[in-house]
Undergrad: 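Structure provided below as structure tokens; questions to follow.
Computed from a predicted structure; not experimentally measured. What's counted below: heavy atoms across the whole structure, side chains too, no hydrogens, waters or symmetry copies.
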Amino acid sequence: DDDDDDDDDDDDDDDLSLYPGHDHTRVSAAMSQSFLIELLDTSHILTKPQLRSIIRTLPTCYIREWRRAYSLRQNGASLERAVRTLNKHKGKIVIVRSSEGNKFGFFTPDAFVKDEKYYGGRETLVFKVSNHTHEGGEVEQPDHKQKKEREEHQIGRFPGKNNSKSDGQRRETLAGQCRVDVWRWSGNNDCMLLYRHHSLVVGGDEPALYLDKYLRDGSSGECKTFSCPMLSGSKDFVIHDVEGWVTADDD
């Protein structure tokens, strides 16, 4: 099962992560190593380099120890159970894998509160993990010489093509053999979270992510809140697995 591989700390992948904060600047290995992230558990959906790449896009106060607090495999398919567990913590990352093998999710620092209207702060973001093929072909993995050059001469810069959208909301990085895309708040609306007894919605107008209360069915679409495309392979999908990760020092 390729979900459980690549669990070793692959620092060669980590140096391609994104600099956390609001200027979205890509940085070299020397700078990124100042933001050390310890993962206390293993994900059955993402590799450690992929998960670290997502965490490094968060505000710096969340660049710390993380652990898996909820797993559909271990804790059962229940949105209410997942929410009850995750609400004990400030930082929360929810990772979803569909039955088609697509991997995506969201981060939020906000508690899940049942309401009939949207709420939430602007730090909430969504992400997607896909293969490393770009529209124009494959992205070359850096060799050790390139890594050394970045460390010595390119502090604060990232060589090569920058595929970020002009609006600055999409951020892209490589982790292993996959690409991690992150979309932040776009400014189009403030429809971050909507939690009701039968579902959890992330993003307004057309949601970036919808999960039903049984964690069985979901949907995704082009969402104005994050200016993101559909995160899943198809608009409606069957949920295969869900994980909830939290900041460990909140325990």
Undergrad: Just verifying a value: how many Å separate Arg216 CZ and Ile239 CD1, rounded to the nearest 0.5 Å?
TA: 9.5 Å
Undergrad: Just by distance, with hydrogens left out, do Glu243 and Ser43 show a side-chain donor and acceptor under 3.5 Å apart?
TA: yes
Undergrad: Let me confirm one number: the OH-NZ distance from Tyr70 to Lys92, rounded to the nearest 0.5 Å.
TA: 15.5 Å
Undergrad: For residues Leu58 and Trp66, report the shortest heavy-atom separation together with the two atoms involved.
TA: CD1-CZ2, 3.8 Å
Undergrad: To the nearest 0.5 Å, what is the distance between CZ (Arg81) and CG (Leu215)?
TA: 9.5 Å
Undergrad: Identify the residue among Thr124, Asn188, Asn189 that makes a side-chain hydrogen bond (donor to acceptor under 3.5 Å, both in side chains) with Thr225.
TA: Asn189
Undergrad: Hey, does Ile37 have a side-chain heavy atom less than 4.5 Å from the side chain of Arg56?
TA: yes
Undergrad: Check whether any side-chain heavy atom of Phe104 sits under 4.5 Å from a side-chain heavy atom of Phe237, and report yes or no.
TA: yes
Undergrad: Does the pair Val246 and Arg67 meet the rule for a side-chain contact (heavy atoms from CB on, under 4.5 Å), with working shown?
TA: CA-CA 6 Å; Val246 299; Arg67 69 175 181 85; 4.0 Å; yes
Undergrad: Give the minimum heavy-atom separation between Glu80 and Tyr195, together with the two atoms involved.
TA: CA-OH, 4.0 Å
Undergrad: Quick one: CH2 on Trp185 to CE on Met192, what's the gap to the nearest 0.5 Å?
TA: 6.5 Å
Undergrad: Check Leu46, Leu86, Ile55 against Ile93 for a side chain to side chain contact (heavy atoms under 4.5 Å, CB included) and give me the one that passes.
TA: Ile55
Undergrad: Set out, in order, the CA-CA distance, both residues' side-chain angles and the distance that settles side-chain contact (heavy atoms from CB on, under 4.5 Å) for Arg184 and Arg122, then state yes or no.
TA: CA-CA 8 Å; Arg184 305 175 190 274; Arg122 295 171 180 176; over 6 Å; no
Undergrad: Between Ile54 and Ile95, is any pair of side-chain heavy atoms under 4.5 Å apart?
TA: no
Undergrad: Just so I know, are the side chains of Leu194 and Tyr119 near enough to count as touching, which here means a heavy-atom distance under 4.5 Å?
TA: no
Undergrad: Without placing hydrogens or testing angles, list every side-chain donor-acceptor pair under 3.5 Å for residues 196-210, not counting sequence neighbours.
TA:
unit_1, atom_1, unit_2, atom_2, d
Asp205, OD2, Lys224, NZ, 3.3
Glu206, OE2, Lys235, NZ, 2.8

Undergrad: Below 4.5 Å, heavy atoms only, C-beta onward: do Phe127 and Asp181 meet side chain to side chain?
TA: no
Undergrad: Side chains of His240 and Ser98, heavy atoms from C-beta outward: is any pair under 4.5 Å?
TA: no
Undergrad: Return the CZ to CG distance between Arg84 and Leu79, rounded to the nearest 0.5 Å.
TA: 10.5 Å
Undergrad: Roughly how far apart are Lys48 NZ and Ser53 OG, rounded to 0.5 Å?
TA: 14.0 Å
Undergrad: So, for Cys228 and Val126, which heavy atoms are closest and what is the spacing to 0.1 Å?
TA: SG-CG2, 4.1 Å
Undergrad: For Tyr214, what are the other residues in its hydrophobic cluster, where any two members join if their side-chain heavy atoms are less than 4.5 angstrom apart?
TA: none
Undergrad: Are Val83 and Val113 joined in one hydrophobic group, where the rule is that I, L, V, M, F, W and Y side chains link up if heavy atoms are under 4.5 Å apart?
TA: yes
Undergrad: Is there a side-chain contact between Thr108 and Glu123, using heavy atoms and a 4.5 Å cut-off?
TA: no
Undergrad: State, to 0.1 Å, how close Ala248 and Leu40 come at their nearest heavy-atom pair, and which atoms those are.
TA: CB-CD1, 3.7 Å
Undergrad: Run the side-chain contact (heavy atoms from CB on, under 4.5 Å) test on Leu231 and Asn102 for me, step by step, so that the C-alpha distance in whole Å, both residues' side-chain angles and the decisive distance to 0.1 Å come before the verdict.
TA: CA-CA 8 Å; Leu231 302 178; Asn102 297 296; over 6 Å; no
Undergrad: Determine whether a donor-acceptor pair (N or O, by modelled atom type, separation under 3.5 Å) exists between the side chain of Gln50 and the backbone of Thr47.
TA: yes
Undergrad: Contact between Arg97 and Ile45 at the side-chain level, heavy atoms closer than 4.5 Å - yes or no?
TA: yes
Undergrad: Could you go step by step and tell me if Leu193 and Asp110 meet the side-chain contact (heavy atoms from CB on, under 4.5 Å) rule?
TA: CA-CA 9 Å; Leu193 300 171; Asp110 298 304; 4.0 Å; yes
Undergrad: Membership question, hydrophobic clusters at under 4.5 Å side-chain separation (ILVMFWY): are Met230 and Leu125 in the same one?
TA: no
